[in-house]
Undergrad: 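Got a structure here, written out as structure tokens. Questions coming.
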Amino acid sequence: LLKQEILPSLLIRQFVFLQIENDAPKVLLALGLDEKHVLAEYDFSFLSSSAERYRPIHLAGEGQPFSWARLILFLRVGQDILGFWLLGRRDPDDMYAQSEIPILQSLANQTAVALSNIMQTERLRAMYQANVNRYEEERLSLALDLHDSILNQLAVLQMNLDTPTQKFQDAY
């Protein structure tokens, strides 16, 4: 939805959604940029200090990381930073008006909530699968116990049925 409808309507031609999980960056979605190049430039402290301010072309020097980014926004849920939304080229002049930044930050916050929900769903799915695996192992263990102990005892009892009654009672 963002890539195909919202961002084109805002004339944004270059962006990256960068997730930070366990201090490791992961490109979730990118347009107009190479993911490997973005990950090679990754610097959390630089992104944090540059966030929520427009970076004109003449201030974003070539030696700095993410020199292509004109606007860096937090993907934040409450106090937790899930990542960054880096906005680059924009038609017609690569400008992001100061009045647009709060609107874009609101969009970033909504995206962060959706990302948080996706991450929580993945964790719950993994926990559910681990639980299913645990129950399967437990069921298999019970089946083996039944096969190895109870069935053997039943076989002994059946063999003892063919012998006199005293032997049957002694087996128990």
Side-chain angles (χ1 to χ4, degrees), residues 1-140:
L1 180 66
L2 282 169
K3 188 175 182 178
Q4 294 178 353
E5 292 184 28
I6 295 174
L7 297 175
S9 71
L10 295 171
L11 303 175
I12 297 171
R13 302 291 177 235
Q14 195 177 43
F15 70 89
V16 171
F17 281 104
L18 191 64
Q19 178 186 3
I20 309 301
E21 191 170 32
N22 300 326
D23 294 327
K26 176 182 174 185
V27 174
L28 296 177
L29 185 63
L31 178 68
L33 295 157
D34 180 29
E35 291 182 23
K36 291 177 185 173
H37 178 71
V38 171
L39 294 175
E41 287 185 300
Y42 176 70
D43 181 352
F44 183 83
S45 60
F46 175 79
L47 289 172
S48 296
S49 65
S50 302
E52 300 176 340
R53 288 189 306 238
Y54 174 68
R55 300 174 64 217
I57 294 172
H58 66 279
L59 291 181
E62 286 298 317
Q64 290 184 348
F66 303 107
S67 60
W68 56 269
R70 299 291 153 254
L71 184 60
I72 300 169
L73 300 172
F74 288 109
L75 294 175
R76 184 183 349 217
V77 175
Q79 297 300 319
D80 298 331
I81 296 174
L82 302 180
F84 297 93
W85 184 17
L86 293 85
L87 299 159
R89 287 183 346 164
R90 182 177 189 197
D91 292 336
D93 56 6
D94 292 341
M95 292 287 295
Y96 292 89
Q98 201 61 32
S99 61
E100 292 177 320
I101 294 175
I103 295 167
L104 291 169
Q105 184 60 61
S106 177
L107 189 56
N109 291 341
Q110 292 173 8
T111 302
V113 169
L115 177 61
S116 175
N117 289 339
I118 290 168
M119 291 167 52
Q120 182 66 13
T121 300
E122 289 173 357
R123 281 192 290 270
L124 287 172
R125 187 174 289 129
M127 287 172 50
Y128 173 76
Q129 189 60 47
N131 207 21
V132 166
N133 291 344
R134 186 173 55 89
Y135 282 126
E136 282 296 317
E137 289 172 11
E138 199 173 294
R139 189 181 68 77
L140 182 61

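Position 1 is the first residue of the sequence, and the numbers go up from there.
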Undergrad: If you look at every heavy atom in V27 and A30, which pair is closest and at what distance?
TA: CG1-CB, 3.9 Å

Undergrad: Is it true that the side chains of N133 and E137 contain a donor and an acceptor less than 3.5 Å apart?
TA: no

Undergrad: Out of I20, I81, L18, L73, which one pairs with L47 under the side chain to side chain contact (heavy atoms under 4.5 Å, CB included) rule?
TA: L18

Undergrad: More than 12 foreign heavy atoms under 6.0 Å from CD of Q4: is that the case here?
TA: no

Undergrad: For a ring pair (Phe, Tyr, Trp, His ring centres under 6.0 Å) with F84, tell me which candidate from F44, F66, F46 qualifies.
TA: F44

Undergrad: Mind listing the closest non-hydrogen atom pair of R90 and L10 along with its distance?
TA: NE-O, 2.9 Å

Undergrad: Output the distance between atom CD1 (I103) and atom CD (Q105), rounded to the nearest 0.5 Å.
TA: 12.0 Å

Undergrad: Drop me the distance from D43's CG to S50's OG, to the nearest 0.5 angstrom.
TA: 8.5 Å

Undergrad: Who passes side-chain contact (heavy atoms from CB on, under 4.5 Å) against L31, sequence neighbours left out?
TA: K3, F15

Undergrad: Is there a salt bridge (charged side-chain N to carboxylate O under 4.0 Å, His left out) between R139 and E136? Walk through the geometry before answering.
TA: CA-CA 5 Å; R139 189 181 68 77; E136 282 296 317; 3.2 Å; yes

Undergrad: I12 and side chain to side chain contact (heavy atoms under 4.5 Å, CB included): which single residue from L87, I6, L71 fits?
TA: L87

Undergrad: In the structure I gave you, are the side-chain heavy atoms of Q19 and L75 within less than 4.5 Å of one another anywhere?
TA: no

Undergrad: Within a 6.0 Å radius of atom CZ on R123, are there more than 12 heavy atoms belonging to other residues, nucleotides or ligands?
TA: yes

Undergrad: Applying salt bridge (Lys or Arg N to Asp or Glu O under 4.0 Å), name anything that partners R53, two or more places apart in sequence or on another chain.
TA: none

Undergrad: So does S45 get a backbone contact from the side chain of S48, meaning a donor-acceptor N/O pair under 3.5 Å?
TA: no

Undergrad: With rounding to the nearest 0.5 Å, note down the distance linking CH2 in W68 to NE2 in H37.
TA: 8.0 Å

